[in-house]
Amino acid sequence: QVQLVESGGGLVQAGGSLRLSCAVSGSIFRLNAMGWYRQAPGKQRELVASITSDGNTNYLDSVKGRFTISRDNAKNTVYLQMNNLKPDDTAVYYCAADARLNMLAPVYKYWGQGTQVTVSS
């Protein structure tokens with residue numbers, strides 16, 4: 001069974017920083033792309049940042065220059081460093097990982113339970 005455990009959310013003032021972590025555990029054959037999504041009340045879930053297994057990154061336009069995604073392949077962990085946070089960044093942040101459980105299995109997207117990030121003005 002694959003589990004994604006997130007940590008690092010919380011309450012911060014505008015302009016502050018937070019670092020989210022997501023550790024993937026379980027019997028995994030291959031871990032492909034990993035990413036962070038967020039969902040604010042009344043809005044659809046959106047992709048904030050993603051990173052491939054070889055380190056290529058992609059960001060939502062509104063977070064470019066403020067957020068940095070990284071990963072430690074040895075620890076099956078992905079991070080999201082969030083700087084200069086704004087009230088519009090307030091949302092539940094979800095970690096996601098594309099993984100294959102064995103050589104013949106399809107790639108499946110696994111999700112974390114979510115962590116709340118609240119930015120006060």
Side-chain angles (χ1 to χ4, degrees):
Q1 186 174 359
V2 178
Q3 286 190 317
L4 280 66
V5 179
E6 300 148 343
S7 60
L11 173 64
V12 64
Q13 288 188 333
S17 299
L18 286 173
R19 188 189 193 214
L20 306 182
S21 300
C22 173
V24 182
S25 63
S27 180
I28 299 171
F29 171 74
R30 182 174 177 85
L31 194 58
N32 293 341
M34 303 179 75
W36 290 94
Y37 292 72
R38 68 185 181 188
Q39 187 166 20
K43 295 187 177 181
Q44 289 190 332
R45 188 173 297 189
E46 61 182 356
L47 176 63
V48 177
S50 63
I51 184 168
T52 64
S53 57
D54 54 4
N56 292 315
T57 59
N58 184 52
Y59 294 94
L60 181 69
D61 283 346
S62 62
V63 308
K64 286 180 180 177
R66 300 188 297 121
F67 291 10
T68 302
I69 189 170
S70 60
R71 65 190 284 172
D72 184 333
N73 290 331
K75 297 181 178 179
N76 284 350
T77 299
V78 63
Y79 307 95
L80 185 68
Q81 178 66 43
M82 304 184 293
N83 297 329
N84 190 21
L85 282 159
K86 304 176 180 180
D88 283 349
D89 295 320
T90 295
V92 177
Y93 283 70
Y94 297 90
C95 171
D98 295 337
R100 190 191 299 270
L101 297 186
N102 60 66
M103 192 168 56
L104 299 179
V107 175
Y108 187 78
K109 186 179 294 295
Y110 296 88
W111 294 90
Q113 79 284 357
T115 184
Q116 178 70 46
V117 171
T118 303
V119 184
S120 62
S121 56

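The structure presented is a predicted model; accordingly, all values stated were derived computationally and were not measured.
Under a hydrophobic clustering in which Ile, Leu, Val, Met, Phe, Trp and Tyr are joined whenever their side-chain heavy atoms come within less than 4.5 Å, directly or via other members, Leu80 and Leu85 fall into the same cluster. Placement of Trp111 and Leu4 in two distinct hydrophobic clusters is found when ILVMFWY residues are connected by side-chain heavy-atom separations under 4.5 Å, directly or transitively. Residues Leu47 and Tyr110 are members of separate hydrophobic clusters, defined by side-chain heavy-atom contacts under 4.5 angstrom among Ile, Leu, Val, Met, Phe, Trp and Tyr.
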Exercise. Any chance you could lay out the side chain to side chain contact (heavy atoms under 4.5 Å, CB included) test for Met34 and Thr52, step after step, and finish with the verdict?
Key: CA-CA 6 Å; Met34 303 179 75; Thr52 64; over 6 Å; no
Exercise. Assess whether side chain to side chain contact (heavy atoms under 4.5 Å, CB included) is satisfied between Val119 and Gln13, documenting all intermediate values.
Key: CA-CA 5 Å; Val119 184; Gln13 288 188 333; over 6 Å; no
Quiz item: Does the side chain to side chain contact (heavy atoms under 4.5 Å, CB included) test come out yes or no for Val117 and Leu18, once each step is laid out?
Solution: CA-CA 9 Å; Val117 171; Leu18 286 173; 3.9 Å; yes
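Partners of Asp72 according to the side-chain contact (heavy atoms from CB on, under 4.5 Å) rule, which considers only residues two or more places apart in sequence or in another chain, are Ala74, Lys75, Tyr79. Annotation: salt bridge (charged side-chain N to carboxylate O under 4.0 Å, His left out) contacts of Asp89 (sequence neighbours excluded): Arg38, Arg66.
Nearest approach of Ala91 to Ala40, heavy atoms of both residues: CB-N, 3.8 Å. Across all non-hydrogen atoms, the minimal contact from Ala97 to Val24 is CB-CG2, 4.2 Å. The minimum heavy-atom distance linking Val107 with Asp98 is given by the pair CG1-CB, 3.7 Å. Between Met82 and Leu20, the shortest heavy-atom contact is CE-CG, 3.7 Å. The two atoms that bring Leu31 and Ala99 nearest to each other are CD1-CB, 3.9 Å, heavy atoms only. Taking each heavy atom of Tyr93 and Val48 in turn, the nearest pair found is CE2-CG2, 4.2 Å.
Residue pairs meeting the side-chain hydrogen bond (donor to acceptor under 3.5 Å, both in side chains) criterion with at least one partner in residues 17-27, sequence neighbours excluded, are Ser17-Asn83.
Put simply, the side chain of Arg71 gets close to the backbone of Ile51: a donor and an acceptor are under 3.5 Å apart. The backbone N or O of Cys95 sits less than 3.5 Å from a side-chain atom of Glu6, completing a donor-acceptor pair. Under a 3.5 Å cut-off, the side chain of Tyr59 and the backbone N or O of Ile69 do form a donor-acceptor pair.
Relative to the six-membered ring of Tyr94, Arg45 meets both conditions, a distance below 6.0 Å and an angle of at most 45° to the axis.
Side-chain rings of Phe67 and Trp36 stay apart, their centers remaining 6.0 Å or farther from each other.
Using a 4.5 Å cut-off on side-chain heavy atoms (C-beta onward), Ile28 and Val2 make contact.
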